[in-house]
Amino acid sequence: MSKWVYKFGNGSAEGDASMRNLLGGKGANLAEMNKVGLPVPPGFTVTTEVCTYYYANNNTYPADLKDQVKEAVKYVEGIMGKKFADNSNPLLVSVRSGARVSMPGMMDTVLNLGLNDETVKALAKASGSERFAYDSYRRFLQMFSDVVLGADLELYEEALENMKKAHGYKSDTDLTADDLKELVNIYKEIGQKIGKVVPQDPWDQLWAGIGAVFGSWMSARAITYRKLNNIPGDWGTAVNVQTMVFGNAGDDCATGVCFSRDPATGENRYYGEYLVNAQGEDVVAGIRTPQPMGSIGDGTSLEERWPHLYKELVDARNNLEAHYKDMQDMEFTIEHGKLWMLQCRNGKRTAAAAVRMAVEMVEEGLLNHEEAIMRVGADQLDQLLHPMLDPKAKKNVIATGLPASPGAAVGRAVFCAEDAEAWAAKGEKVILIRNETSPEDIGGMHASQGVITARGGMTSHAAVVARGMGTPCVSGSTDITIDLKAKTMATKCGVVIKEGDWVSLDGAKGQIIEGQIPTVQADTNSGNFGKLMGWVDQIRRLKVRANAETPQDAKQALAFGAQGIGLSRTEHMFFEPNRIADMRAMILADNEAGRREALARLLPYQKQDFKDLFKIMDGLPVTIRLLDPPLHEFLPHTDPEMQELADKLGKTLAEVKARTNALHELNPMLGHRGCRLPITYPEIAEMQTRAIIEAAIESEDAGVKVIPEIEVPLTGSKKELDIVKAIIDTTAEKVFAEKGKKVHYIVGTMIELPRAALMAEELAQSAAFFGFGTNDLTQTTLGMSRDDTGAILDEYRARGIYVADPFASIDVEGVGKLVKRACVEGRKVNPDIHLGVCGEHGGDPKSIEFFEECGLDYVSCSPFRVPVARLAAAQAAVKAKAKK
Ligand code: ADP
Ligand code: MG
Ligand code: MG
């Protein structure tokens, strides 16, 4: 026989806090609170396995469930000395849902279940208060009709409001017993009229309540929430049935919600609110203004009203915090001067509060360093690293989209990259608004405070590049329509933003806001933040580098604690206006001599780029990747632009067009790019190597310690790597001879093709390091580009197929396997090989946990993700230790 029901009450329980998966969060903690000796109304939990059974068996229950529920009800009756469905001394219960994680969208709680026309009379008699009994009954009828029967709640609220209006009452508490009796009749009439009649038999009520909780697991709201939060559908929910205690039975009764510390700031103070003569959600529903827990000196606080109960609550708070070693969010009810605890859970908190609590709990001796760093969500840390819109400012949100890149941005609307650059050059702050972005827009994106796109997902070009730059971005806003000709953005709500109008955006919330909202810089260098990150750095094994190519990004990375540059993409350096012309001349040259001439003009720029990076990263490694994208990406696409270029180079439009077409890659991810460029045009790699080595020598002469790592992209075979490596080494030797001086450098390769991962043992013979380019490796392994992933996954999920986004967190079963294999095989051949990940996954906590398992040496991510990656790396190390 299976056990489907777990009882709790009177200081003992069949479950405990560790049984969350079976009992749900609420059930597990109700059991635990019993065990730590807190006063909890007795009850029982119907397990999540019943939910699973229910859906696997055509919405039916296990045969032995009925008997187990009956037996549990008897157990509760025994403790309470009352009887369920009894007409003289009735036991009333609440029916509460509770999944593993707290989940909006699940069924709301039904209180006062067990009341009917007979039991209400008994309750009135037993309590000596008709008013209380009928208040409870009308609440029950309303809740049950709404939550279980799906009736229109407004009909009931309207009836209540009308009754108050008719008598001139201000508050619900003004209603008399007779009023409430009448209201009960009105509610029943409403039920009759709309065909949603509340059953009179308490057992029917109970089973309907339990069924409604399980039914709500598959409600549209719950399914959507699970989809958004990656919660598997087969977890199921538990149902808690618990003896009612009444906060609405008089003026010596109350109900409240409290936190063991301030969830907004993290301050160690008891924080909460309560309401006298109220029930359940009244506190949060805003029906009456609640009063504070702790004294504010006006006599309204619980502390002043009932000092002994306040003390009991403070004890409960201390007890629970010490027990769970975490900030608790608690619900309580006071019935005729007696305190009952109804719920506790680890409280939600802002990132700032999380950091402060973690540090202070260490100082209080509650946590050790390893426990403390686990208390702060790595992804949440992001909130602290970007300026925010002033929370106090008034905001008119005119459209929403995807929260693609966090942070606040305020600027004037522009509708193309060139305008963004031109306006920014004049000192204007701009927001770039596009349908979508492409590599040509990078300059404009860089010049902008923030980016808005109408199309594209969380991994679209705009989203990925913006995150990389630390530029706030709202992508894929279907609320907006852009007219590129008129340079306007129209929103669904009817607002039209014209070029030059001020717009603000909140990239963490995905909001587009009208006007110029003031921003505030979050305090990232406060004592607590620094302290926590100090522990993080002691605990982690993985090093964290940054992907950066501009001095600005490199400095930011360093400020955030990066231990070097893991990827410097040299192509971004050629998009600047004064360089793109030479780049284009090089690409369109008829022969090698022409190419070399143009490259010679690019050399000084490129050299300066590297000198800047070396200087900023003094003493830290800098990985420089040779030119990677297909050459046509540097060429103009419109006829007038091509004509202009042709004129400049003394060519015809047709010639330029022909060359562009010849270079065009149907799939720009594949084809003639990466290491295939230097193999066909060695002079490009020669120029870049010369720039790197000359920069290194000159930097060393200036007293800078340089650690250059030259990286070959898109290799698939040892032969390819060897050819390019030979070009690099020969050029370096040449420069050494010219300068009469040597510097140490190493050559390695990106691993971004499945073939490369499978050839790791060969590649490791020539490579000093592997840089796993997991963005491209994911695309080439899964046959899915990051731009279309969002749409594909939506289609899958609409069909009930759960698939994780492989660009958000590494696809462990495919891409991860390749990475792991390449690490193992590469190390066998070359034990000193240095292994790192660059690409978005390098800043993703879940992926970092996997990279820790692989034993990589470092992860590299965008500068703004560096603190997140440091924390995630430390958390991964703690988890890995626990597994051992
Ligand atoms: P949620 O999961 O939305 O917090 P709860 O199950 O905690 O829902 O219940 C909603 C409200 O009803 C809370 O204020 C809770 O304290 C109250 N409540 C639940 N069960 C009881 C009970 N047995 N006696 C008194 N109040 C209860
Ligand atoms: Mg609750
Ligand atoms: Mg690549």
Side-chain angles (χ1 to χ4, degrees), residues 8-9 20 23-31 33-34 38-46 72-73 76 79-80 82 84 90-115 123 127 132 135-136 139-140 142-144 146-148 205-206 209-210 212-213 216-217 219 221-222 225 237-249 253-259 272-275 277-288 290 313 316 328-336 338-348:
F8 57 81
R20 225 188 152 80
L23 304 180
K26 201 178 283 167
N29 285 339
L30 284 170
M33 281 202 293
N34 262 288
L38 289 171
V40 179
F44 57 90
T45 304
V46 181
V73 169
V76 176
I79 295 176
M80 297 306 296
K82 295 182 185 179
F84 190 64
L91 172 75
L92 303 185
V93 296
S94 64
V95 174
R96 320 170 69 184
S97 63
R100 281 191 215 183
V101 293
S102 112
M103 228 180 80
M106 290 302 304
M107 191 198 86
D108 292 324
T109 299
V110 179
L111 300 177
N112 311 327
L113 189 139
L115 281 176
L123 181 65
S127 66
F132 155 67
D135 182 50
S136 301
R139 284 172 187 266
F140 166 65
Q142 173 170 341
M143 277 184 150
F144 193 95
D146 168 33
V147 179
V148 180
Q205 296 171 0
L206 181 61
I210 293 173
V213 172
S216 73
W217 179 254
S219 71
R221 257 165 74 201
Y225 182 83
T237 181
V239 185
N240 300 290
V241 177
Q242 189 177 23
T243 304
M244 278 305 298
V245 289
F246 298 99
N248 59 329
C253 302
T255 185
V257 186
C258 54
F259 294 83
E273 295 174 323
Y274 77 108
L275 267 179
N277 200 4
Q279 187 172 60
E281 307 278 71
D282 290 1
V283 180
V284 285
I287 301 170
R288 281 185 279 151
L313 274 161
Q328 294 299 300
D329 166 351
M330 297 156 286
E331 290 172 4
F332 65 90
T333 282
I334 293 164
E335 182 181 318
H336 299 309
K338 164 145 180 60
L339 173 70
W340 293 99
M341 299 302 292
L342 287 169
Q343 190 173 339
C344 76
R345 59 182 162 196
N346 294 340
K348 291 218 159 60

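Whatever order the structure lists them in is the order used to number ligands and atoms, beginning at 1.
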Quiz prompt | Where ligand 1 meets Gly280 - atom numbers and elements under 4.0 angstrom, heavy-atom basis | solution = 11 (C), 12 (O), 14 (O), 17 (C)
Quiz item: Between Ala249 and Asn277, which heavy-atom pair has the shortest distance, and what is it?
Solution: N-OD1, 3.7 Å
Quiz item: When you look for heavy atoms under 4.0 Å from ligand 1, do you find them on the side chain of Val245, its backbone, both, or neither?
Solution: both
Exercise. Specify the protein heavy atom at minimum distance from atom 19 (C) of ligand 1: its residue, its atom name, and the distance to 0.1 Å.
Key: Arg96 NE, 3.3 Å
Practice problem: May I ask you to identify the nearest protein heavy atom to atom 11 (C) of ligand 1, giving residue, atom name and distance to one decimal place in Å? | Solution: Glu281 OE1, 3.5 Å
Self-check item: Per-atom contacts, ligand 1 versus Leu111 - under 4.0 Å to a heavy atom
Solution: 12 (O), 18 (N), 19 (C), 20 (N), 21 (C), 27 (C)
Quiz item: So which protein heavy atom does atom 20 (N) of ligand 1 come closest to, and at what separation?
Solution: Ser94 OG, 2.9 Å
Self-check item: Leu115, Val245, Thr243 screened by side chain to side chain contact (heavy atoms under 4.5 Å, CB included) with Leu92, the one that passes
Solution: Leu115
Quiz item: Of all the N, O or S atoms in Glu331, which one sits nearest to the Mg ion (ligand 2)?
Solution: OE2
Quiz item: Counting each atom of ligand 1 from 1 as listed, which ones have a heavy atom of Leu342 under 4.0 Å away?
Solution: 16 (O), 21 (C), 22 (C), 24 (N), 25 (C), 26 (N), 27 (C)
Quiz item: Any N or O of Thr255 that comes nearer than 3.5 Å to an N or O of ligand 1?
Solution: no
Quiz item: Taking C-beta and beyond as the side chain, do Cys258 and Phe332 meet within less than 4.5 Å on heavy atoms?
Solution: yes
Quiz item: Do any N/O atoms on Ser97 end up under 3.5 angstrom from N/O atoms on ligand 1?
Solution: no
Practice problem: For the residue pair Leu313 and Met341, establish whether any side-chain heavy-atom pair is separated by less than 4.5 Å. | Solution: yes
Practice problem: Record the part of Met244 in heavy-atom contact with ligand 1 below 4.0 Å; permitted values are side chain, backbone, both and neither. | Solution: both
Quiz prompt | For Ala222 against Trp217, the heavy-atom pair lying closest together | solution = CB-O, 3.7 Å
Quiz item: Which ligand 1 atoms, with their elements, are less than 4.0 angstrom from a heavy-atom of Gln343?
Solution: 4 (O), 7 (O)
Quiz item: So do Asn29 and Gln343 actually touch side chain to side chain, heavy atoms under 4.5 Å?
Solution: no
Quiz item: Heavy atoms, side chains only, cut-off 4.5 Å: are Asp329 and Val257 in contact?
Solution: yes
Self-check item: Side chain to side chain, Glu331 and Lys26, heavy atoms closer than 4.5 Å
Solution: no
Quiz item: Are side-chain N/O atoms of Asp135 and Gln279 paired as donor and acceptor at under 3.5 Å?
Solution: no
Practice problem: Please examine the side chains of Ser102 and Lys348, heavy atoms only from C-beta on, and report whether any two atoms are closer than 4.5 Å. | Solution: yes
Quiz prompt | Side chain, backbone, both or neither: Thr243 near ligand 1, heavy atoms under 4.0 Å | solution = backbone
Practice problem: Would you mind running through ligand 1 and noting each atom that sits below 4.0 Å from a heavy atom of Gln242? | Solution: 23 (N)
Quiz item: Any N or O of Arg345 that comes nearer than 3.5 Å to an N or O of ligand 1?
Solution: no
Quiz item: Side chains of Pro42 and Gln242: closer than 4.5 Å at any heavy-atom pair?
Solution: no
Exercise. Could you confirm whether Gln343 has any N/O/S atom lying under 2.8 Å from the Mg ion (ligand 2)?
Key: yes
Exercise. Would you mind reporting whether Arg96 and Leu30 have side-chain heavy atoms less than 4.5 Å apart?
Key: yes
Practice problem: Name the closest protein heavy atom to atom 13 (C) of ligand 1, giving the residue it belongs to and the distance to 0.1 Å. | Solution: Glu331 OE1, 3.3 Å
Quiz item: Any N or O of Thr109 that comes nearer than 3.5 Å to an N or O of ligand 1?
Solution: yes
Quiz item: Any idea which part of Lys26 is under 4.0 Å from ligand 1, heavy-atom wise: side chain, backbone, both or neither?
Solution: side chain
